[in-house]
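What follows is one structure encoded as structure tokens, with my remarks underneath.
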Amino acid sequence: FSRLLLTVTTSQMLALWFFSLLLCVWGEPVLKPWSDCFTMTQWQYMSLIRNDSSPTISYEKQISYMYYDFNNLRYRSDYHTVRGLGAVNATSIWINDTLYIIDYTQPSIQCQVIDMGFGMPTPDWFVDADFVEYIELLQGRDDQVIRTFHFSKESPDGPFHYFAVDASDQTPFRLSAPEMTETQHVVNNWYDYHPCTSLDDQLFDYYKDVCPDNTATIHHQEAREFVNSALGWMYHLALTMKSY
């Protein structure tokens, strides 16, 4: 009888150990903040309803080259339209609480300086999001299927859905975001995420060369749609979640 009890007890312990191992492997991941400094390419898809009489959904596509430097409270995005209702070719530079929007679509470069009243989102804005699932998703540009984990975080305008690669470095993969204007939904696919220790000052000082008057002439609340088109989800995050 004692041998039988020992065998049962050993089997139960092995089963418990195996179950604990599975929990470690398949349990909920713990999100890490982004690097304080990184560069990244973004492919953004915006779902639009063309007008009240047509329910047809179209998708604008925009590519952005992002430079994030939280250590020095500055952010730059160079972005242009690939497919959409209107041509966009611009640079946004956000330093402390001032936003410089530089438009290249006019015969001469146009510069708008906006008082934001707050700074860029912090690199840990999503770490308290709720885990939803592990899911394999297609990485469109490189035509690869990537295993990711999916987290969701509520905002006043709807949930953000954040996806990162299921690996130790947790490379940002995708962000599905609500919108505040006529856009119904935005999906941002991310590529070429490269953490860094510093970025060239010239990237952020560029506005000095093209904005003759660096004084803010308008507050973000007076140009909400304009700022939203320049910053997208970054603006939404800073308004509703974590910014410095």
Side-chain angles (χ1 to χ4, degrees), residues 28-44 62-79 91-101 114 116-132 137 139 146 148-180 186-207 220 227-228 230-244:
E28 295 185 6
V30 177
L31 284 175
K32 300 176 183 178
W34 285 342
S35 172
D36 289 340
C37 178
F38 66 83
T39 61
M40 186 163 62
T41 301
Q42 173 177 278
W43 287 17
Q44 184 180 74
Q62 183 170 284
I63 292 181
S64 304
Y65 303 97
M66 304 163 61
Y67 306 87
Y68 179 94
D69 182 8
F70 189 73
N71 295 321
N72 295 292
L73 299 176
R74 54 190 188 177
Y75 168 75
R76 171 172 172 162
S77 177
D78 301 322
Y79 49 100
T91 291
S92 293
I93 299 175
W94 192 357
I95 300 176
N96 295 318
D97 58 357
T98 302
L99 176 65
Y100 306 88
I101 302 176
I114 297 173
M116 297 294 288
F118 49 83
M120 60 197 287
T122 63
D124 64 344
W125 68 267
F126 58 87
V127 295
D128 56 350
D130 297 319
F131 176 70
V132 178
L137 296 173
Q139 189 179 52
I146 305 294
T148 69
F149 42 72
H150 170 197
F151 278 77
S152 179
K153 185 170 184 176
E154 290 296 327
S155 79
D157 296 302
F160 282 84
H161 295 282
Y162 175 74
F163 301 83
V165 175
D166 180 21
S168 59
D169 58 359
Q170 296 190 3
T171 300
F173 183 86
R174 178 177 297 167
L175 179 70
S176 175
E179 268 298 336
M180 299 177 292
V186 174
V187 175
N188 307 280
N189 289 342
W190 291 326
Y191 306 95
D192 309 321
Y193 172 76
H194 297 299
C196 53
T197 55
S198 63
L199 290 169
D200 192 334
D201 289 341
Q202 291 183 351
L203 284 168
F204 304 96
D205 290 342
Y206 170 64
Y207 76 90
H220 79 94
V227 175
N228 186 61
L231 294 175
W233 57 271
M234 278 279 189
Y235 180 45
H236 193 129
L237 288 182
L239 276 175
T240 61
M241 297 186 190
K242 294 182 178 180
S243 62
Y244 90 87

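What you see is a predicted model; the values in this text were computed from it and never measured. Position 1 is the first residue of the sequence; numbering continues from there.
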Please examine the side chains of [Y] and [X], heavy atoms only from C-beta on, and report whether any two atoms are closer than 4.5 Å.
| X | Y | value |
| --- | --- | --- |
| Met116 | Tyr235 | yes |
| Asp166 | Pro29 | no |
| Tyr162 | Pro172 | yes |
| Gln170 | Leu31 | yes |
| Phe118 | His220 | yes |
| Phe126 | Trp34 | yes |
| Tyr206 | Tyr100 | no |
| Trp94 | Pro121 | yes |

task = Dump the intermediate steps for side chain to side chain contact (heavy atoms under 4.5 Å, CB included) on Glu28 and Phe149, then the final yes or no.
result = CA-CA 9 Å; Glu28 295 185 6; Phe149 42 72; over 6 Å; no
message = Among Trp233, Phe151, Trp125, which residue satisfies the ring pair (Phe, Tyr, Trp, His ring centres under 6.0 Å) criterion with Phe160?
response = Trp125
ask   = Hey, which of Trp190, Phe204, Tyr193, Phe38 is the one that makes ring pair (Phe, Tyr, Trp, His ring centres under 6.0 Å) with Tyr68?
value = Phe38
Rounded distance (nearest 0.5 Å) linking atom [atom1] of [X] with atom [atom2] of [Y]:
| X | Y | atom1 | atom2 | result |
| --- | --- | --- | --- | --- |
| Leu99 | Tyr75 | CG | OH | 10.0 Å |
| Thr39 | Asp69 | OG1 | CG | 11.5 Å |
| His194 | Met40 | NE2 | CE | 11.0 Å |
| Asp124 | Lys32 | CG | NZ | 15.0 Å |
| Ile114 | Asp97 | CD1 | CG | 12.5 Å |
| Gln62 | Gln44 | CD | CD | 5.5 Å |

Carboxylate-amine/guanidinium contact Arg74 Asp201, below 4.0 Å =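 Counted as a salt bridge, because a side-chain N and a carboxylate O are separated by less than 4.0 Å.
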request  = Go through the steps to decide whether Tyr207 and Ile95 satisfy the test side chain to side chain contact (heavy atoms under 4.5 Å, CB included), and finish with yes or no.
outcome  = CA-CA 10 Å; Tyr207 76 90; Ile95 300 176; 3.6 Å; yes
key: CA sep, side-chain torsions, deciding dist, call: Ile146, Leu137, side chain to side chain contact (heavy atoms under 4.5 Å, CB included)   = CA-CA 5 Å; Ile146 305 294; Leu137 296 173; 5.8 Å; no
query = Between the side chains of Ser152 and Asp130, does any donor sit under 3.5 Å from an acceptor?
reply =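 Note: Ser152 and Asp130 side chains miss the donor-acceptor criterion.
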note = Exactly one of Arg174, Lys153, His150 clears side chain to side chain donor-acceptor pair (under 3.5 Å) with His161, and that residue is His150
ask   = After noting the C-alpha distance and the side-chain angles of Leu231 and Ser77, does the key distance pass the side chain to side chain contact (heavy atoms under 4.5 Å, CB included) rule?
value = CA-CA 8 Å; Leu231 294 175; Ser77 177; over 6 Å; no
request  = Identify the two heavy atoms, one from Pro33 and one from Val127, that lie closest to each other, and give their separation to 0.1 Å.
outcome  =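 Result for this residue pair: N-CG1, 3.8 Å.
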